[in-house]
Amino acid sequence: MDHEKRTAGFYLLAAFFILFVLFLYGPLSAILVLSFQGPAGGLTFPLNGMSLHWFANLFEQQAVGDFGGSFRRSFILGLMVMGVTVAVSLLAGLAFRRRFFGSTALFYVAVASLVVPSIIISLGIGVMFQQIGFRPSWYTSAFGAHLTWTLPFGVLIMFAVFNRFSPAYEEAARDLGATPWQTFRHVVLPMIAPSLIGVGLFGFTLSYDEFARSLMTAGTYNTLPLEIYGMTTNVTTPVLYALGTVTTVFSFLVILATLGCIVYLRRRSARG
Amino acid sequence: MTIAAEQHVDGAAAKPASRFNLARLAPYLQAAPLTLILGAFLVAPILMIVVVSFWDYDFARLYPDFVTYNYTEALGSWVTWKTYLNTLKFAAIVWALTLFIGFWVAYFLAFHIRTTAMQIVLFLVCTVPFLTSNIIRMISWIPVLGRNGLVNAALVESGLVPAPLEWLLYSEFAVVLAMVHLYTLFMVVPIFNTLMRIDRSLIEAARDAGASGRQILWNVIIPLAKPGMAIGTIFVVTLVMADFITVQVMSGGQSASVALIMKNQMSLLQYPAAAANAVVLLVLVLLLVAGILRVVDIRKEL
């Protein structure tokens, strides 16, 4: 198929693909543009002048809830979830390389964690905390709730990585006299580092954007998606779009930084 | 080899006993954090829900008990059945659309893009929006579909319709559109993954044996892509079945889903009623997933 002339099918599918990309990015770019709406502008086009009015509005705490605080909480929570997801998925991935009692059951529990509706997790953890007498908060109950969503992704990615990982490298290291720890630290870890960074990205962004699992578990203080959700019901000015623009730009920066890291690691291992 | 090797411990009888035990224990220690976290935040809460679904309650608190009327109330009401049908309808429509779009996008990326670098770039272009906030992506349809939105403005301007269409936003159409927008990637990635693993010589062989492009697609590629489609189906179906926020925001309160009923009961502190609905929904979702898993062995596909 590779070195032939482009067929009509190619152009048809290319057009379909372009439409799909427009479908993905079109609405997002609409709110990006509208967030620069003039002070007198509304929620739809046309633009009524250009200004940063709504961005300024966003950072005044009284105007629209607690944007700064909820952003800080979501950011810290995302980092916590990221760290735990990377460490626990890596360990579980190593465990699944060998047979152990209950491995199949654990694997299916991890898959179940992916398919159980998130609102059920939210309800269950909320009621459980209430009955035990713990106060739900974003750094305890919501933290656990987010992990039930990020860990299965991490574990499945590590599972796939180790399925393709040739034991020859470890055997070679061992033959050269490396201890198990040295083998892991200097052979296995550098090879799987890009995948681990990918798992970290998933952990952070899934937690940072998570809504349903935080609903009953976040306690007194809102995370950012809960704050945004609150705004959808009672804010009718373009400040909503300004918030959308800010969080989307932030997500893009996180993704770019991660990709930069992966490319850097790949280059370095290719040279070394 | 004489170096301590975890995998080879069984054969090396001379190793000290402590080393032997540690190597045997290693996978259990490595799996322990995952087991503990999923036990505490997945298994325990679900057991709690099952227990609470039999409890009694009033406006202030829950009373441990064994009553079944949370279930009889949920399943005895016509509204619940209608809502389940509505949720399943959304799941079916969104599944069909995401499967169609997802397959062709993945097929284009896997078979029509010639360089790996371009494949990675285009794949990332598709992936990036899915790592941004779902709620913001929903809201972004408002200026496009609203009464004075871009689509309506264009339609009225061009004279295709005399007045703005009302059903573009805050309707079931908007719910389906937003769900397709949110969830198509969950189809694209697994299908792309299976397509990339198809041995290209199979396609050469089919062509040499005289198969047309259409026959190759239908008899070679699609059957081999089925596992990816099954995994994508699991994601999309479970996400739609669990959805309440898309339904709430995009239908403007005119449509309902099972999870939305639960969410409303939760905000009224009717936890046992919500728990009974949760159990029914969970059983339904697990049955759907079990049905799909008969088609595919996930462990083999990773």
Side-chain angles (χ1 to χ4, degrees), chain A residues 1-2 10 13 16-17 20-21 24-25 27-28 30-31 34 43-45 88 91-92 94-95 98 100 106 109-111 113 115-121 123-125 127-128 144-145 147-148 151 155-156 159-160 163 174-175 177 180 205 209 211 216 225 228-229 232 240 244 247-248 251 255, chain B residues 1 3 5-6 27-28 30-31 33-35 37-38 40-42 44-46 48-49 52 101 104-105 108 111-112 114 125 128-129 131-137 139-144 146 148-150 203 234 238 241-242 244-245 249 259 262-263 266 271 274 278 281-282 285 289 298 302:
Chain A
M1 189 158 280
D2 267 13
F10 167 79
L13 282 175
F16 185 76
F17 183 80
F20 177 68
V21 171
L24 285 184
Y25 287 86
L28 267 179
I31 66 163
L34 283 171
L43 280 173
T44 51
F45 285 100
V88 172
L91 284 173
L94 290 170
R98 275 170 283 176
F100 62 94
L106 183 60
V109 170
V111 173
S113 192
V115 302
V116 171
S118 40
I119 190 163
I120 294 183
I121 307 259
L123 172 69
I125 295 177
V127 172
M128 187 174 82
L147 286 175
T148 63
L151 279 177
V155 169
L156 290 184
F159 196 87
N163 261 357
R174 211 177 288 134
D175 291 355
T205 57
D209 296 328
F211 171 74
M216 281 269 300
I228 298 174
Y229 173 72
T232 63
L240 194 57
T247 59
T248 307
S251 293
I255 296 164
Chain B
M1 287 292 100
I3 312 300
E6 288 170 331
Y28 294 98
Q30 287 164 341
L34 179 69
T35 315
I37 292 171
L38 291 182
F41 291 102
L42 177 76
I46 290 176
M48 189 79 212
I49 284 183
V52 168
I101 299 171
W104 287 115
V105 168
F108 177 72
F111 287 104
H112 281 291
R114 289 169 179 175
V125 165
V128 161
L131 294 174
T132 63
S133 165
N134 275 5
I135 303 180
I136 294 297
R137 291 176 65 213
I139 294 168
S140 67
W141 283 105
I142 295 175
V144 178
N148 303 312
L150 290 174
I203 293 162
I234 292 179
T238 54
M241 292 302 291
F244 60 96
I245 177 150
V249 172
M262 279 179 59
K263 192 212 154 215
M266 282 153 65
Y271 296 136
L281 176 64
L282 186 60
V285 167
V289 172
I298 321 182
L302 289 170

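Computed from a prediction, not measured in an experiment: that's the story for all the values here. Labels below follow one simple rule: chain letters A, B, ... track the order of the sequence lines, proteins then strands, and each chain is numbered from 1.
Using a 4.5 Å cut-off between heavy atoms, B:Leu34 touches chain A through backbone and side chain atoms alike. With a threshold of 4.5 angstrom between heavy atoms, B:Val128 approaches chain A through its backbone and through its side chain. Both the backbone and the side chain of B:Leu131 come within contact range of chain A, judged by heavy atoms closer than 4.5 Å. Only the side chain of A:Thr247 comes within less than 4.5 Å of a heavy atom in chain B; its backbone stays farther off. If you measure heavy-atom distances from B:Met241 to chain A, you find no contacts under 4.5 Å at all. Contact annotation for B:Val285: only side-chain heavy atoms (C-beta onward) come within less than 4.5 Å of a heavy atom of chain A. Of the atoms belonging to B:Ala40, it is backbone heavy atoms, and not side-chain ones, that fall under 4.5 Å from chain A. With a 4.5 angstrom heavy-atom cutoff, A:Leu34 touches chain B only via side-chain atoms. Both the backbone and the side chain of A:Leu13 come within less than 4.5 Å of a heavy atom of chain B. Interface residue A:Phe16: only side-chain heavy atoms are found under 4.5 Å from chain B. Contacts of B:Leu150 with chain A are made by side-chain atoms alone, with heavy-atom separations under 4.5 Å and no backbone atom involved. Of the two parts of B:Leu42, the backbone and the side chain both hold a non-hydrogen atom closer than 4.5 Å to a non-hydrogen atom of chain A. Interface remark: A:Leu147 contributes side-chain atoms only to the contact with chain B (heavy atom separation under 4.5 Å).
The shortest side-chain heavy-atom distance between B:Met48 and A:Ile125 does not fall under the 4.5 Å cut-off. Here the side chains of A:Asp209 and B:Ile136 are not in contact, with every heavy-atom distance at 4.5 Å or above. At a threshold of 4.5 Å between non-hydrogen side-chain atoms, the residues A:Met216 and B:Lys263 do not count as touching. Residues A:Phe10 and B:Phe108 have side chains in contact (heavy-atom distance under 4.5 Å, counting atoms from C-beta outward).
Ring geometry for A:Phe211 against B:Phe244 counts as tilted: the plane angle lies between 30° and 60°, on a 0 to 90° scale.
Ranked by heavy-atom pairs under 4.5 Å with chain A, the list B:Ile46, B:Val144, B:Ile135 is led by B:Ile135. Chain B forms more heavy-atom pairs under 4.5 Å with one residue of A:Val21, A:Ile121, A:Val115, A:Val88 than with any other, namely A:Val115. Put simply, of A:Pro27, A:Gly124, A:Ala145, the one with the most heavy-atom pairs under 4.5 Å next to chain B is A:Pro27. Interface remark: of the candidates A:Ala95, A:Pro117, A:Ala92, A:Ala95 forms the most heavy-atom pairs closer than 4.5 Å to chain B. Interface remark: of the candidates A:Thr148, A:Ile119, A:Thr205, A:Ile119 forms the most heavy-atom pairs closer than 4.5 Å to chain B. The choice from B:Gly146, B:Ser140, B:Pro27, B:Ala242 that makes the most heavy-atom pairs within less than 4.5 Å of chain A is B:Ser140. Among the candidates A:Leu123, A:Ile255, A:Thr248, A:Leu106, the residue making the largest number of heavy-atom pairs closer than 4.5 Å to chain B is A:Leu123.
For the pair A:Tyr229 (side chain) and B:Ile245 (backbone), a donor-acceptor distance under 3.5 Å is absent.
Residues A:Ile120 and B:Ala278 come closest through the heavy atom pair CD1-O, 3.4 Å. Scanning all heavy atoms of the two residues, the minimum distance from A:Leu94 to B:Gln30 falls at C-OE1, 3.6 Å.
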